[in-house]
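This report concerns only the one structure given below.
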Amino acid sequence: MGSNSSRIGDLPKNEYLKKLSGTESVSENDPFWNQLLSFSFPAPTSSTELKLLEEATISVCRSLVVNNPRTGNLGALIKVFLSRTKELKLSAECQNHIFIWQTHNALFIICCLLKVFICEMSEEELQLHFTYEEKSPGSYSSDSEDLLEELLCCLMQLITDIPLLDITYDISVEAVSTMVVFLSCQLFHKEVLRQSISHKYLMQGRCLPYTSKLVKTLLYNFIRQEKPPPPGAHVLPQQSDGGGLLYGLASGVATGLWTVFTLGGVGSKAAASPELSSPLANQSLLLLLVLANLTDAADAPNPYRQAIMSFKNTQDSSPFPSSIPHAFQINFNSLYTALCEQQTSDQATLLLYTLLHQNSNVRTYMLARTDMENLVLPILEILYHVEERNSHHVYMALIILLILTEDDGFNRSIHEVILKNITWYSERVLTEISLGSLLILVVIRTIQYNMTRTRDKYLHTNCLAALANMSAQFRSLHQYAAQRIISLFSLLSKKHNKVLEQATQSLRSSLSSSDVPLPDYAQDLNVIEEVIRMMLEIINSCLTNSLHHNPNLVYALLYKRDLFEQFRTHPSFQDIMQNIDLVITFFSSRLLQAGAELSVERVLEIIKQGAVALPKDRLKKFPELKFKYVEEEQPEEFFIPYVWSLVYNSAVGLYWNPQDIQLFTMDSD
């Protein structure tokens, strides 16, 4: 780049980039590399900055794609980086800013180049580019070490072994990002990749021994949420004369070196982005999710998923079974705290789902916590703001609740946790309510939102399954929660009557005009009746198992008893209506005996007395309502596109042209 240049637009004409991507081979021992790597600028953060950098360097990258088979300059650059990483740990301990800075720059260039290479060629072609050396065009060394595998191993070592300091923060982020880029070939395929060269390297050979250490490090990066050092604190340390150490180096190594250029200006104020307050934590979580969702190899399961499924608490002293590979221990208390604090992001919710669903040690620990409200409240808030969330995030939150409600201890304990002043719940002022009642309110609200907007049967089913799992342990339901249960039934009843009326009118019309095709009202009616049946079973389960604990539900039932009249003789509901009808009749009789003009307090008192007097053997026993979350067959068809959409939208310092993406459509959730 010219000595007076400071614009991104000048990068394609920069003499060092032109030499790297040109027709001349550069030996790995050439002083050129010190010159190339002596640049300094703030890492791009916004998508606009990243797009500018991508557009400015794409011609250089494509030139290298053409010339690298002749020059082997990509391999030479990687070898320069690999030789430097051998001294990186010592450089960190000795606070060698210059050495770490140049090593980071080498990795930054490698990452930018790889991103273009992976986008523009097959994995087989990419693998060849790692073998080209300075020979005749297109020749390569077949007996040399596998440079691609060596680079991947080096990145894993860098992530796991280099101490996290101010001066190593950026190179740690870059190492994680480069691993994400290595796996990004999935973005450019419509189908889920089940066999991949990059997967093979990560799942066997020299990379395999790093599995547990890598997963553990990525988890701890997420847990610690380390913020980046202040701008300039680690790259351009200020001297007494006001000049920066590395600025002086970059300007003085040789004439015509890269000058310091900026993307928005050195020290310019970054846009507020609380979810990315820790780029390292964000990138580490994304890489962890990508690794966890790699498809199994033909002859071996995904080792990263195995590690995630089997790690234990540091306080657990029991030995690991010999059958469990890649096992390690981590501080569960710290992990729990981080998961509670980070649930505003899709990726943190997906991690929570993954751990609850796949790691029995984590699930057991979380269910034993006495402060479950810290985890459940953020999940409820996701569901409450359903209209602001993408559908995948809502599904993950809902499935987490379903998994939690499979545990009877959880279902009992949530009614013992009393919350005060839930400010984000705006429909009604809730000065005091149990966590259980709040959970019911939010799930019912989600069902009602789904009925009027998305009409997604899968969402309906999971919401009702969570309520059904809790129903036998409903305790001291808040009066508003009890009202909403009956209100939901009322809404379903009206919808049932409306569809029934439409079906009847449609049938009459068809008798007079045989040419008009009939709408499929029978299917709609069947779906609504399934949901109504489920709601009746939930109410029945509560009455059968804990009637004396829920006077507010009996009160709401009596207040709206006319709603249930039409279902008493309906063949689909006759059996389940027996208990509900008995309860309504029994308590209505006691209220009649007490006289007219009864206050709410007096009615509740009569209900409490009646609950004790009602013979339990008069209520028919039904099988316990229990629903267990079962992952769909071939879950990778859902999770892999979802994870990569998160990478595409959330990764720090990475930009892909949306026109190149094949895995998912850009207008989807």
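Here, residue 1 is the first one in the sequence, and each next residue gets the next number. Everything numeric here is computed off the predicted structure, so don't read it as measured data.
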Exercise. Which atom names give the shortest non-hydrogen contact between Phe639 and Tyr353, and what distance separates them?
Worked result: CZ-CE2, 3.4 Å

For this session: State whether the number of non-hydrogen atoms from other residues, nucleotides or ligands found under 6.0 Å of Lys626 atom NZ is greater than 12.
Result: yes

For this session: Can you sort out the partners of Glu537 under side-chain hydrogen bond (donor to acceptor under 3.5 Å, both in side chains), two or more places apart, ordered by chain and number?
Result: Arg533

For this session: Let me see the working for Tyr365 and Leu335 under side-chain contact (heavy atoms from CB on, under 4.5 Å), right down to the final yes or no.
Result: CA-CA 11 Å; Tyr365 174 85; Leu335 176 62; over 6 Å; no

For this session: Kindly compute the distance separating CG (Leu289) from OH (Tyr642), expressed to the nearest 0.5 Å.
Result: 9.0 Å

For this session: State which residues pass side-chain hydrogen bond (donor to acceptor under 3.5 Å, both in side chains) with Tyr480; sequence neighbours excluded, sorted by chain then number.
Result: none

For this session: Report yes or no: does Thr211 contribute a side-chain atom to a donor-acceptor pair with the main-chain N or O of Tyr304 at less than 3.5 Å?
Result: no

Exercise. Looking at side-chain heavy atoms only, is the closest gap between Leu151 and Phe182 below 4.5 Å?
Worked result: yes

For this session: Check whether the side chains of Tyr336 and Asn374 place a donor and an acceptor atom closer than 3.5 Å, and report yes or no.
Result: no

Exercise. Is the backbone N or O of Ser196 less than 3.5 Å from a side-chain atom of Glu123, with the two atoms forming a donor-acceptor pair by type?
Worked result: no

For this session: Provide the full list of salt bridge (charged side-chain N to carboxylate O under 4.0 Å, His left out) pairs with a residue in residues 440-449, sequence neighbours left out, each pair given once.
Result: Glu427-Arg445

Exercise. When rounded to the nearest 0.5 angstrom, what distance separates CG in Asn313 from CG in Asn331?
Worked result: 6.5 Å

Exercise. Got a donor-acceptor contact below 3.5 angstrom from the Ser212 side chain to the Phe328 backbone?
Worked result: no

Seminar exercise, completed: Interatomic distance, CD@Glu381 vs CZ@Arg389, rounded to 0.5 Å, equals 7.5 Å

Problem set entry | Verdict with reasoning, Leu404 to Met366, per side-chain contact (heavy atoms from CB on, under 4.5 Å) | CA-CA 9 Å; Leu404 292 173; Met366 288 187 176; 5.6 Å; no

Exercise. Has Lys216 got its NZ or CZ under 6.0 Å from the middle of the six-membered ring of Phe311, at an angle within 45 degrees of the ring axis?
Worked result: no

Problem set entry | Leu287: which of Asn282, Val180, Val647 passes side-chain contact (heavy atoms from CB on, under 4.5 Å) | Val180

Problem set entry | Nearest heavy-atom neighbours spanning Val215 and Ala307 | CG2-CB, 4.0 Å

Exercise. Counting only N and O atoms by type, is there a donor-acceptor contact under 3.5 Å from the side chain of Thr168 to the main-chain atoms of Pro163?
Worked result: yes

Exercise. Does any non-hydrogen side-chain atom of Gln483 lie less than 4.5 Å from one of Arg428?
Worked result: yes

Exercise. Is the backbone of Phe627 close enough, under 3.5 Å, to the side chain of Asn469 for a donor and an acceptor to pair up by distance?
Worked result: yes

For this session: Applying side-chain contact (heavy atoms from CB on, under 4.5 Å), run through His392 and Leu350 and close with a yes or a no.
Result: CA-CA 9 Å; His392 289 357; Leu350 181 53; over 6 Å; no

Problem set entry | Closest approach of Ala348 to Leu285 (non-hydrogen atoms, all atoms of both residues) | N-CD2, 3.7 Å

Problem set entry | Polar contact flag, side-chain donor to acceptor under 3.5 angstrom, Arg475-Asn411 | no

Exercise. Does a side-chain heavy-atom distance below 4.5 Å link Asn293 with Gln186?
Worked result: no

Seminar exercise, completed: When rounded to the nearest 0.5 Å, the distance separating CD1 of Ile447 from CG of Leu491 is 10.5 Å

For this session: Go through Ser184 and Leu114 one step at a time and tell me if the side-chain contact (heavy atoms from CB on, under 4.5 Å) criterion holds.
Result: CA-CA 10 Å; Ser184 66; Leu114 279 175; over 6 Å; no

For this session: State, yes or no, whether a side-chain contact exists between Ser476 and Ser434 at a heavy-atom distance under 4.5 Å.
Result: no

Problem set entry | Heavy atoms from other residues, nucleotides or ligands near CD of Glu387 exceed 12 (cutoff 6.0 Å) | yes

Seminar exercise, completed: Value for CG (Leu438) from CD1 (Ile414), rounded to nearest 0.5 Å, stands at 10.0 Å

Exercise. From Leu625 CG over to Ser471 OG, what is the distance, rounded to the nearest 0.5 angstrom?
Worked result: 4.5 Å

For this session: State, with a plain yes or no, whether a side-chain heavy atom of Gln473 is found less than 4.5 Å away from one of Asn545.
Result: no

Exercise. Shortest non-hydrogen contact from Asn361 to Phe332?
Worked result: O-CE2, 3.6 Å

Exercise. Can you list the residues that meet the side-chain hydrogen bond (donor to acceptor under 3.5 Å, both in side chains) rule with Gln448, with sequence neighbours excluded?
Worked result: Arg484

Problem set entry | Exceeds 12 heavy-atom contacts within 6.0 angstrom, atom NZ of Lys227 | no

For this session: For the residue pair Val376 and Phe410, establish whether any side-chain heavy-atom pair is separated by less than 4.5 Å.
Result: yes

Exercise. Do any N or O atoms from the side chain of Ser490 and from the backbone of Ile486 form a donor-acceptor pair under 3.5 angstrom?
Worked result: no

For this session: List in chain and number order the residues that pass side-chain hydrogen bond (donor to acceptor under 3.5 Å, both in side chains) with Arg194, two or more places apart in sequence or in another chain; answer none if no residue qualifies.
Result: Glu636, Glu637

Exercise. Do side-chain atoms of Asn552 reach the backbone of His478 as a donor and acceptor pair under 3.5 angstrom?
Worked result: no

For this session: Check whether any side-chain N or O of Gln306 sits under 3.5 Å from a backbone N or O of Pro325 as a donor-acceptor pair, and report yes or no.
Result: no

Without placing hydrogens or testing angles, list every side-chain donor-acceptor pair under 3.5 Å for residues 419-426, not counting sequence neighbours.
from	atom 1	to	atom 2	distance (Å)
Lys420	NZ	Glu432	OE1	2.4
Ser426	OG	Tyr384	OH	2.9

Problem set entry | Donor on one side chain, acceptor on other, Gln343 and Thr349, under 3.5 Å | yes

Exercise. Would you say the side chain of Leu488 lies within less than 4.5 Å of the side chain of Met451, judging by non-hydrogen atoms?
Worked result: yes

Exercise. Looking only at atom types and distance, does a side-chain atom of Ser278 sit under 3.5 Å from a main-chain N or O of Phe222, one as donor and one as acceptor?
Worked result: no

Seminar exercise, completed: Nearest heavy-atom approach of Leu50 to Tyr655 is CB-CB, 3.5 Å

Exercise. For the side chain of Asn550 and the backbone of Leu477, is there at least one donor-acceptor N/O pair under 3.5 Å apart?
Worked result: yes

For this session: Go through the side-chain N and O atoms of Gln225 and Ser277 and say whether any donor and acceptor fall under 3.5 Å apart.
Result: no

Problem set entry | Leu183 side chain reached by Trp644 side chain, heavy atoms, under 4.5 Å | yes

Problem set entry | Pro279 versus Tyr169, closest heavy-atom pair with distance | CD-OH, 3.4 Å

